[in-house]
Amino acid sequence: MSVMVVRKKVTRKWEKLPGRNTFCCDGRVMMARQKGIFYLTLFLILGTCTLFFAFECRYLAVQLSPAIPVFAAMLFLFSMATLLRTSFSDPGVIPRALPDEAAFIEMEIEATNGAVPQGQRPPPRIKNFQINNQIVKLKYCYTCKIFRPPRASHCSICDNCVERFDHHCPWVGNCVGKRNYRYFYLFILSLSLLTIYVFAFNIVYVALKSLKIGFLETLKETPGTFLEVLICFFTLWSVVGLTGFHTFLVALNQTTNEDIKGSWTGKNRVQNPYSHGNIVKNCCEVLCGPLPPSVLDRRGILPLEESGSRPPSTQETSSSLLPQSPAPTEHSNSNEMPEDTSTPEEMPPPEPPEPPQEATEAEK
Amino acid sequence: SSQVHNLQELRRSASLATKVFIQRDYSDGTICQFQTKFPPELDSRIERQLFEETVKTLNGFYAEAEKIGGSSYLEGCLACATAYFIFLCMETHYEKVLKKISRYIQEQNEKIFAPRGLLLTDPVERGMRVIEISIYEDRCSSGSSSSGSSSGSGSSGGGGGAGAR
């Protein structure tokens, strides 16, 4: 029995994901909806550095050392790479509970608390857990219909629960959470260094040139210098301060969210159970610890309605039997969630598919 | 008539009765661990020891994935030094372990759970929140769930589990 492979536009899961995110490059890129300030960040960094390389660097490379633009370029590339990583990656979004799971949890809650009469607002649902000999409360998220893991929080801007939620940063146009916190920290760190570097060498440039041709002449020749100094000056105060603050948080293994809410400070509060008590260990864990892959499966294929056509690159798993999947066809999502490869990897199917469909055709 | 319960047969002949969700266990912090508490719905379907062993093995895998130690630091530092471009061609340790987990769950389903009319869903497909166990009504033979006793406890032999009469 032969089957016609109908190549049509497949629907990927990112198109149907709830929450207020924007997706680009067919699900490879994930950002918040408002991106205006992110474009401003890009513009400021690119603009300032372009001016620096175009004017000051040419003079300083000759007068002082060619290493100056080289280091600047390295810092610039590193901060751009980390910025884009922070902005485009999944911060650690927890997918919403499927209907079966949500119903199961509701049943459990009602069993514990008793049924709430119709029309009354149900009491906030909290479960208590003990972590390292301290009681931590788990809150129930009404939007995502799950009990949030410890340190997770619901971002109202993106309308998602995010693991180890730090904050929503409009400058990078994304939430900062478990999966992209280290990129965010490295971004603000490298940006601080870059800003200090550009600022310092601008001053050196103005000083050197003024000695030769005077201050006013220097400004007339390269008016961009003044602009760069201005931008760097204001950036210094904000970004360097932010870097200092986050260094403090990393050393204590805390999140901005916890710091603002005062979760671990104050007399009546518990101590931070996630801190190892050792600054070096905390830094290592936050910045170099293992990185969990995204569980959103943005590029997975949604089941197609028609049974005649075969979606590309599939792997059979048990989830295809769930009542909520619309198509009766034996098909499923890819189990791999690689962020940076262009197509999901295909694992060899464990058993042959049912007779109505032919053998899996890998379409890469 | 002999009924061979494998995954395909299960899907064709059985209907979904209910689902049980094994929740996360946060007593050790935010690392991914699941509760080993035996759900009462599975009481008549699978031996408690088999279930616990499966969950404990899974917990072991997740602990291995999230282990903080020399090799994970090395990977992290190397990645940082390459401005994380190395992830374009290299798979992280975590992803490798997730693949192992996937294979293990497949194996467990084929050898232990499907013959008992149960099906495990990989937690990664549920956002690492729960282990979903689907319980199927066994329409073909009544009380055949005990047929799996021949496979012993967690041994890798035992094949597909025969529900032969």
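Numbered from 1 within each chain, the chains take letters A, B, ... in sequence-line order. These numbers come from the heavy atoms of this one structure, side chains and all, not from hydrogens, waters or symmetry mates.
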S.K.: Looking at B:K96, I want to see if its NZ is surrounded by more than 12 non-hydrogen atoms of other residues, nucleotides or ligands under 6.0 Å.
M.R.: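 More than 12 heavy atoms, drawn from other residues, nucleotides or ligands, come within 6.0 Å of this atom.
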S.K.: With a 4.5 Å heavy-atom cut-off (strictly below), which parts of residues 63-70 of chain B touch chain A? List them by number.
M.R.: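 Counting heavy atoms that sit under 4.5 Å from chain A, the residues of residues 63-70 of chain B involved are B:A65, B:E66, B:K67, B:I68.
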S.K.: Flag the pair A:R85 / B:F85 as yes when at least one side-chain heavy-atom distance between them is below 4.5 Å, and no otherwise.
M.R.: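 No; the side chains remain at least 4.5 Å from each other.
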S.K.: For residues B:F21 and A:I105, determine if any side-chain heavy atom of one lies less than 4.5 Å from a side-chain heavy atom of the other.
M.R.: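 SC-SC contact between B:F21 and A:I105 ruled out.
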S.K.: For a 4.5 angstrom cut-off between non-hydrogen side-chain atoms, does A:F104 reach B:E132?
M.R.: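 When only atoms from C-beta onward are counted, B:E132 and A:F104 do not touch, as no gap falls below 4.5 Å.
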S.K.: Give me the atom names and distance for the closest heavy-atom approach of B:R129 to A:L98.
M.R.: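 In terms of heavy atoms, the two residues are closest at NH2-N, 4.1 Å.
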S.K.: For A:F78 versus B:C80, what's the shortest heavy-atom pair and its separation?
M.R.: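 Residues A:F78 and B:C80, closest heavy atoms: CE1-O, 3.3 Å.
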S.K.: For residues 281-293 of chain A, tabulate all N or O donor-acceptor pairs below 3.5 Å that involve a side-chain atom, not counting sequence neighbours.
M.R.:
residue: A:N282; atom: OD1; partner: A:H276; partner atom: N; Å: 2.9
residue: A:N282; atom: ND2; partner: A:A251; partner atom: O; Å: 2.7
residue: A:N282; atom: ND2; partner: A:S275; partner atom: OG; Å: 3.2
residue: A:E285; atom: OE1; partner: A:H276; partner atom: NE2; Å: 2.3

S.K.: Less than 4.5 Å to any heavy atom of chain B: does that hold for the side chain of A:R96, its backbone, both, or neither?
M.R.: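 When you check distances to chain B, only backbone atoms of A:R96 fall under 4.5 Å.
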S.K.: So how far is it from B:Y84 OH to A:S89 OG, rounded to the nearest 0.5 Å?
M.R.: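 Answer for the OH-OG pair, B:Y84 versus A:S89, is 10.5 Å.
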S.K.: Check each atom of A:L77 against the heavy atoms of chain B and say whether the ones under 4.5 Å are side chain, backbone, both or neither.
M.R.: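 For A:L77, there is no contact with chain B at all, as no heavy atom is under 4.5 Å.
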